[in-house]
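Presented below is the structure to which this report refers.
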Number of protein chains: 4
Amino acid sequence: MVVVMAQEATESDIKAVVSLVEAAGGEAFVSRGVERTIIGLVGDVQQFTSLNLRGMGGVSDVLRISAPYKLVSRENHPERSVVRVGGVPIGPGTMTLIAGPCAVETPEQTLQAAQMARAAGATLLRGGAFKPRTSPYAFQGLGEAGLKILADVRAETGMPVVTEVVDAHDVELVAEYADMLQIGTRNAQNFALLQAVGEAGMPVLLKRGMSGTIEEWLMAAEYIAQRGNLDIVLCERGIRTFEKATRNTLDISAVPVAQRLGHLPVIVDPSHSGGRRDLVLPLTRAAIAVGADGVILDVHPHPETALCDGPQALVDGDLRELARIVRELPPLVGRTLTEFADDAVPA
Amino acid sequence: MVVVMAQEATESDIKAVVSLVEAAGGEAFVSRGVERTIIGLVGDVQQFTSLNLRGMGGVSDVLRISAPYKLVSRENHPERSVVRVGGVPIGPGTMTLIAGPCAVETPEQTLQAAQMARAAGATLLRGGAFKPRTSPYAFQGLGEAGLKILADVRAETGMPVVTEVVDAHDVELVAEYADMLQIGTRNAQNFALLQAVGEAGMPVLLKRGMSGTIEEWLMAAEYIAQRGNLDIVLCERGIRTFEKATRNTLDISAVPVAQRLGHLPVIVDPSHSGGRRDLVLPLTRAAIAVGADGVILDVHPHPETALCDGPQALVDGDLRELARIVRELPPLVGRTLTEFADDAVPA
Amino acid sequence: MVVVMAQEATESDIKAVVSLVEAAGGEAFVSRGVERTIIGLVGDVQQFTSLNLRGMGGVSDVLRISAPYKLVSRENHPERSVVRVGGVPIGPGTMTLIAGPCAVETPEQTLQAAQMARAAGATLLRGGAFKPRTSPYAFQGLGEAGLKILADVRAETGMPVVTEVVDAHDVELVAEYADMLQIGTRNAQNFALLQAVGEAGMPVLLKRGMSGTIEEWLMAAEYIAQRGNLDIVLCERGIRTFEKATRNTLDISAVPVAQRLGHLPVIVDPSHSGGRRDLVLPLTRAAIAVGADGVILDVHPHPETALCDGPQALVDGDLRELARIVRELPPLVGRTLTEFADDAVPA
Amino acid sequence: MVVVMAQEATESDIKAVVSLVEAAGGEAFVSRGVERTIIGLVGDVQQFTSLNLRGMGGVSDVLRISAPYKLVSRENHPERSVVRVGGVPIGPGTMTLIAGPCAVETPEQTLQAAQMARAAGATLLRGGAFKPRTSPYAFQGLGEAGLKILADVRAETGMPVVTEVVDAHDVELVAEYADMLQIGTRNAQNFALLQAVGEAGMPVLLKRGMSGTIEEWLMAAEYIAQRGNLDIVLCERGIRTFEKATRNTLDISAVPVAQRLGHLPVIVDPSHSGGRRDLVLPLTRAAIAVGADGVILDVHPHPETALCDGPQALVDGDLRELARIVRELPPLVGRTLTEFADDAVPA
């Protein structure tokens with residue numbers, strides 16, 4: 001059961017609902033999104049029904065949700081959500097490009113990648129300081145030093161920063177530098193980490209598990225939402241199948257399916273899906289055309305020396321074509337590329 | 001090893017090459033495409049090298065191909081092929097729409113579906129008279145009666161006919177009525193059937209096996225090519241994965257990958273991939289944007305009473321949007337919708 | 001709906017049932033097994049109910065079956081079936097070993113392999129004369145010459161022959177030489193071929209499709225049964241998954257699951273599942289322990305020169321261990337190794 | 001590169017190696033197993049070669065390992081390892097049964113389940129106090145209260161305790177109560193957690209990721225080993241495939257494959273693989289027969305009221321058959337059931 005608060009609801013309205021539910025032996029999970037606050041109830045539904053919650057101050061609606069994910073379900077929230085990252089919107093009506101290096105290596109490399117990204121049309125900068133790697137002997141990222149580089153590049157370019165967090169211990173640290181916390185595919189069911197980012201009060205980019213069903217992905221989002229955070233963007237990044245010609249199989253159908261089941265924005269990562277540079281632009285076109293709310297991809301000034309995933313990073317020549325695609329394709333699906341206001345940001 | 005014949009090569013040039021190869025203890029497979037004839041050699045490569053094939057009349061080139069598929073490999077044939085079906089081209093530069101009912105049920109239903117398809121922009125008519133069904137108790141198609149209906153509807157609408165053949169015995173019969181023979185996903189490694197359609201001298205639409213790798217798909221095409229037929233169009237129709245929200249997982253990346261490895265046209269079936277009507281248009285947009293040479297989909301005047309796959313058939317309301325998509329999207333990827341010449345066909 | 005005939009039912013009893021059903025507008029499929037004949041009805045169930053079939057001569061029972069496969073379902077046939085191949089039983093209570101070369105190459109190689117197989121405990125000889133190969137350039141088998149070799153080796157060793165048929169055209173030819181017709185994994189949904197072997201009146205070994213669900217496998221068996229043949233043995237041979245360390249992933253659970261859903265014997269092919277010699281004996285042990293009714297595996301006198309699947313063939317050294325396993329393990333699961341009667345066969 | 005220390009090596013021998021490597025600009029990871037200590041070197045292999053490590057005190061061998069996992073590879077450690085959990089061995093020569101309730105619910109339920117387990121032949125008690133659940137609304141375990149129950153039941157039955165840890169924060173707490181830390185399938189690439197248990201100095205049971213390759217599984221073990229802990233037992237628990245008849249597909253081949261690649265013990269979880277009670281005993285038989293070093297399974301006194309995974313828990317009737325299997329089957333594969341010494345433990 002979900003209590004939807006009115007936009008004008010006060011903190012004390014919220015507290016009153018929580019207290020009543022707890023007094024009745026239930027649990028109440030408060031989730032604050034940019035647009036509204038909702039309260040998920042866990043416990044005896046019959047008893048909640050008898051509480052007359054709908055009559056309380058600041059309550060806009062009370063809903064029974066049949067989906068196993070309550071707070072992120074579109075049953076409760078028919079219009080699709082917009083999530084804002086440092087002011088940049090991701091959601092219906094727009095197509096937002098997120099780009100940057102897979103891993104932050106040096107200030108120069110990161111700045112150059114950001115400038116390449118911005119020139120192509122990106123409004124958000126991606127870059128990894130903490131890298132989860134299959135091998136303990138592979139480059140694991142620069143850690144806090146990498147976060148500092150990202151913050152410096154943000155100051156220089158005006159691009160808000162999306163970066164991965166791999167350990168619940170690090171959430172606070174990463175949140176100091178980032179504008180959006182990324183949960184990687186290997187942590188898609190790391191529930192302790194999901195709960196920690198749910199409590200961080202910052203937008204979250206939630207990648208689909210490489211063998212996660214769409215339902216499990218929405219349930220992972222529910223773990224975040226339940227801890228009070230509805231500013232979640234889902235990211236399809238390819239699933240594991242028998243096909244070996246590509247690193248993963250981009251499940252392009254997952255975009256409309258997840259948009260229909262949940263109200264959260266859904267973007268696509270064409271770089272990690274295919275794992276091959278020659279597939280990035282075709283898959284970017286497919287993602288925009290299918291109706292994704294955004295695309296996140298790897299750019300690198302010198303992919304041949306990249307410490308991580310060089311073979312899939314776009315290079316200079318590809319970026320002019322990318323710039324054309326992200327401007328020409330979205331209008332055909334009723335969207336416009338998210339762009340910086342002319343006077344709003346340095347660069 | 002592959003011998004590429006010049007366009008002006010004569011039958012006796014071809015025979016001379018075959019005889020020489022056979023005299024040297026090898027086998028020679030002659031494949032005739034719309035644009036050129038090539039001869040695949042099987043046997044001792046060293047010996048073939050000593051034959052000086054390049055010096056023979058009508059020979060344009062002699063190539064060693066490292067891919068396991070020789071005749072369909074792009075190594076041998078760098079420019080991508082165009083396949084013509086009853087005059088309608090499928091290949092680079094164009095985007096061809098194939099549509100019609102999953103199964104032929106009645107003359108009225110087939111004609112109505114064809115008119116809906118044509119109004120939306122289709123130039124080829126699909127429709128099944130022989131249906132391979134998982135259950136022996138399911139509707140198996142009308143057989144020859146269905147083929148006659150298709151031929152009648154072709155006469156009425158001017159749309160050449162694509163229809164499935166499921167048994168090597170039936171190839172001759174189906175070829176009497178059809179313009180293109182379709183091999184379904186369950187027969188993707190039915191080598192006897194592949195060889196039979198290879199000998200039928202008619203274009204073939206080869207669906208990918210639902211768990212076939214891209215390499216196996218190209219090898220299946222090689223079976224057809226080896227019997228003398230290079231007019232093959234590949235069709236991605238979704239692969240089997242763990243995800244249950246869709247009937248199959250459309251492997252959108254397979255389109256650019258197969259186009260890079262082979263010279264054959266590659267189209268997409270968004271109806272059978274998703275198995276849900278609400279996914280057909282989004283996946284059609286994705287298919288065009290990724291660079292497919294065509295799209296094949298199900299339309300039905302009354303999907304609620306369809307004998308086969310009703311839930312995925314497009315209905316009237318969707319078709320106006322389809323008509324817009326297939327005209328507006330292709331130019332963004334350097335293509336134009338294949339259309340009938342104004343005076344060429346009845347309708 | 002299924003009509004189960006009594007053991008003492010006559011041909012005219014059967015014909016009477018068929019005529020009555022057809023007169024009522026239905027279709028009747030007669031399936032003859034070693035133990036009993038059953039008739040599957042397709043059409044209007046309400047109408048069949050009104051026919052009083054149960055009162056007809058030779059009818060033992062009339063059943064409504066809810067499973068999509070009627071004739072092979074255990075709903076209709078609670079006790080599990082025994083299939084006899086040239087007198088050798090496969091079914092509950094026994095564990096039958098089938099072994100031989102993947103492909104028949106020469107009389108010497110086939111005889112040697114058969115003798116190795118027999119010494120290890122095999123009572124049936126496997127060997128391929130028609131080989132379905134992913135590549136048209138790979139060795140496709142000796143064809144009829146191979147069948148003759150198999151028949152000669154049967155005469156010499158007394159081992160009935162199991163061999164694959166890949167084309168409906170060849171069924172009659174293969175049936176002249178063989179004791180059991182094998183349908184390979186690539187033809188698991190080649191319905192024309194399934195129907196053809198259904199009509200051949202000879203036991204069938206039906207391999208699971210490499211990406212076929214257990215339900216699809218039973219439906220494929222239903223195609224055979226519907227054409228009058230219940231002497232079907234199912235063979236699990238590994239499914240296609242993301243794991244690359246083995247050629248396929250042996251789905252060991254499929255054995256008890258298929259035995260619970262259908263009444264047909266279920267055996268395991270540990271050679272093709274793993275695709276590695278070092279896995280054959282461990283997987284054979286697992287198959288016997290899980291309760292398989294038999295095991296089919298590759299042996300070759302000289303695997304290093306085998307024309308097909310040499311890397312997975314057992315060699316001499318392994319066979320002593322195999323002989324121990326197939327004798328010691330079955331009693332622990334309530335079975336005994338099927339062996340030749342001392343005086344029944346040459347060797 | 002790996003330095004294998006002699007059994008008699010002292011702490012100062014180890015320190016000397018580490019110091020030398022670090023002075024040369026490399027990193028040294030010390031891993032202590034029950035049987036030996038090994039030191040993994042990361043950095044410039046050429047330089048390490050010049051250090052004459054083989055001549056240092058306490059060094060038994062210096063090896064170059066080509067596998068991506070160094071410390072767990074069998075290249076370095078040809079004989080397979082034994083891991084001892086509270087004195088109970090898991091490894092070659094024995095077959096160890098681990099059983100207990102999926103989730104700890106009450107003291108009575110846990111004690112009863114333990115007694116059932118022990119009567120069937122189990123020497124280790126499994127039970128979850130922290131449960132990672134797909135839904136945030138599902139029972140998440142009793143937490144520390146559950147750990148206390150486990151410790152009490154250990155005191156009562158003498159069975160060392162295996163229990164899951166889901167958050168790096170909890171490792172210390174869980175390690176206070178447990179004898180072996182379990183990493184669940186959803187955390188198979190939660191590298192922060194793997195490192196934390198690597199530092200806990202306690203045996204680890206590492207489940208395979210539900211879509212993890214065997215190589216990724218060994219790499220996950222390497223993360224643990226690299227932090228100084230070689231007492232790792234691998235557990236195959238089924239992988240995710242297209243087949244829906246079972247919850248997961250038990251990859252029985254993974255047991256011999258992982259035993260060949262790594263030196264760690266490998267056990268099987270037949271309860272979670274199949275997710276069905278009727279498959280647990282057949283899969284247990286298969287696991288023992290294939291050569292697993294142990295089996296872990298769910299028992300529950302009242303599965304119908306279990307808070308977690310009731311449908312797969314063995315009940316009383318099954319346990320007598322289990323007791324027979326675990327005693328009769330291991331000798332056929334050269335093993336004996338691990339049993340308590342008569343006088344060593346209460347019960």
Side-chain angles (χ1 to χ4, degrees), chain A residues 208-218 236 238-261 266 268 270 273-292 321 324-325 327-334, chain B residues 208-218 236 238-261 266 268 270 273-292 321 324-325 327-334:
Chain A
R208 180 177 177 187
M210 69 183 77
S211 68
T213 63
I214 295 172
E215 181 170 308
E216 287 170 340
W217 192 20
L218 290 165
E236 162 62 31
I239 59 173
R240 187 162 272 186
T241 71
F242 62 81
E243 178 56 64
K244 301 170 190 176
T246 46
R247 186 159 148 188
N248 297 284
T249 297
L250 178 61
D251 182 5
I252 195 79
S253 318
V255 176
V257 171
Q259 287 175 338
R260 202 156 298 236
L261 294 173
V266 183
V268 167
S273 301
R276 292 165 47 165
R277 179 149 64 233
D278 65 342
L279 295 181
V280 175
L281 292 183
L283 295 182
T284 297
R285 295 195 307 257
I288 297 173
V290 91
E321 176 61 7
R324 186 185 75 81
I325 290 168
R327 283 181 178 80
E328 294 186 5
L329 221 46
L332 283 188
V333 288
Chain B
R208 179 177 178 189
M210 69 184 79
S211 67
T213 63
I214 295 171
E215 181 169 310
E216 286 169 341
W217 191 21
L218 291 164
E236 161 63 29
I239 58 173
R240 188 161 269 186
T241 71
F242 62 81
E243 177 57 62
K244 300 169 191 177
T246 45
R247 186 159 149 188
N248 296 284
T249 296
L250 177 63
D251 182 4
I252 195 78
S253 317
V255 176
V257 170
Q259 286 174 339
R260 201 156 300 237
L261 294 172
V266 183
V268 168
S273 302
R276 294 166 43 165
R277 179 150 64 233
D278 66 342
L279 295 181
V280 175
L281 293 183
L283 296 182
T284 297
R285 295 195 307 258
I288 298 173
V290 90
E321 176 60 9
R324 188 186 73 80
I325 290 168
R327 284 182 175 80
E328 295 187 4
L329 223 48
L332 284 188
V333 289

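Protein chains get the first letters and strands the later ones, always in sequence-line order, with residue 1 at the start of each. Just so we're clear, the structure is a prediction, and the values are computed from it rather than from any experiment.
- Residue contact with chain A, scored on non-hydrogen atoms closer than 4.5 Å, is absent for B:Val255.
- Looking only at side-chain heavy atoms (C-beta outward), B:Thr249 and A:Thr241 stay at 4.5 Å or farther from each other.
- Contact of B:Leu332 with chain A is made through backbone and side chain together, with heavy-atom distances under 4.5 Å.
- The choice from B:Leu279, B:Asp278, B:Thr284 that makes the most heavy-atom pairs within less than 4.5 Å of chain A is B:Asp278.
- For A:Ala286, the side-chain contact (heavy atoms from CB on, under 4.5 Å) partners are A:Ile252, B:Ile252, B:Ala286, B:Val290, not counting sequence neighbours.
- Residue with the most contacts toward chain B among A:Leu281, A:Leu329, A:Leu261, A:Val333: A:Leu329 (heavy-atom pairs, distance under 4.5 Å).
- For chain B, the nearby part of A:Arg276 is the side chain; its heavy atoms alone come within less than 4.5 Å.
- In this structure, the side chain of A:Arg285 does not engage the main chain of B:Ile288 through any donor-acceptor pair within 3.5 Å.
- Most heavy-atom pairs under 4.5 Å with chain A: of the set B:Arg324, B:Lys244, B:Glu216, this distinction falls to B:Arg324.
- Of the atoms belonging to B:Ser253, heavy atoms from both backbone and side chain fall under 4.5 Å from chain A.
- Contacts of A:Ser211 with chain B are made by both backbone and side-chain atoms, with heavy-atom separations under 4.5 Å.
- With a threshold of 4.5 angstrom between heavy atoms, B:Ile239 approaches chain A through side-chain atoms but not through N, CA, C or O.
- Under the rule for a side chain to side chain donor-acceptor pair (under 3.5 Å), the partners of A:Arg208 that lie at least two apart in sequence or sit in another chain are A:Glu236, A:Asp251, B:Glu243.
- When heavy atoms are compared at a cutoff of 4.5 Å, A:Thr213 approaches chain B by way of both its backbone and its side chain.
- Residue B:Arg260 touches chain A through its side chain alone, counting heavy-atom pairs closer than 4.5 Å.
- With respect to chain B, the highest number of heavy-atom pairs below 4.5 Å among A:Ala254, A:Gly274, A:Gly212 belongs to A:Gly212.
- Proximity to chain B (any heavy atom under 4.5 Å) is shown, for A:Leu250, by both the backbone and the side chain.
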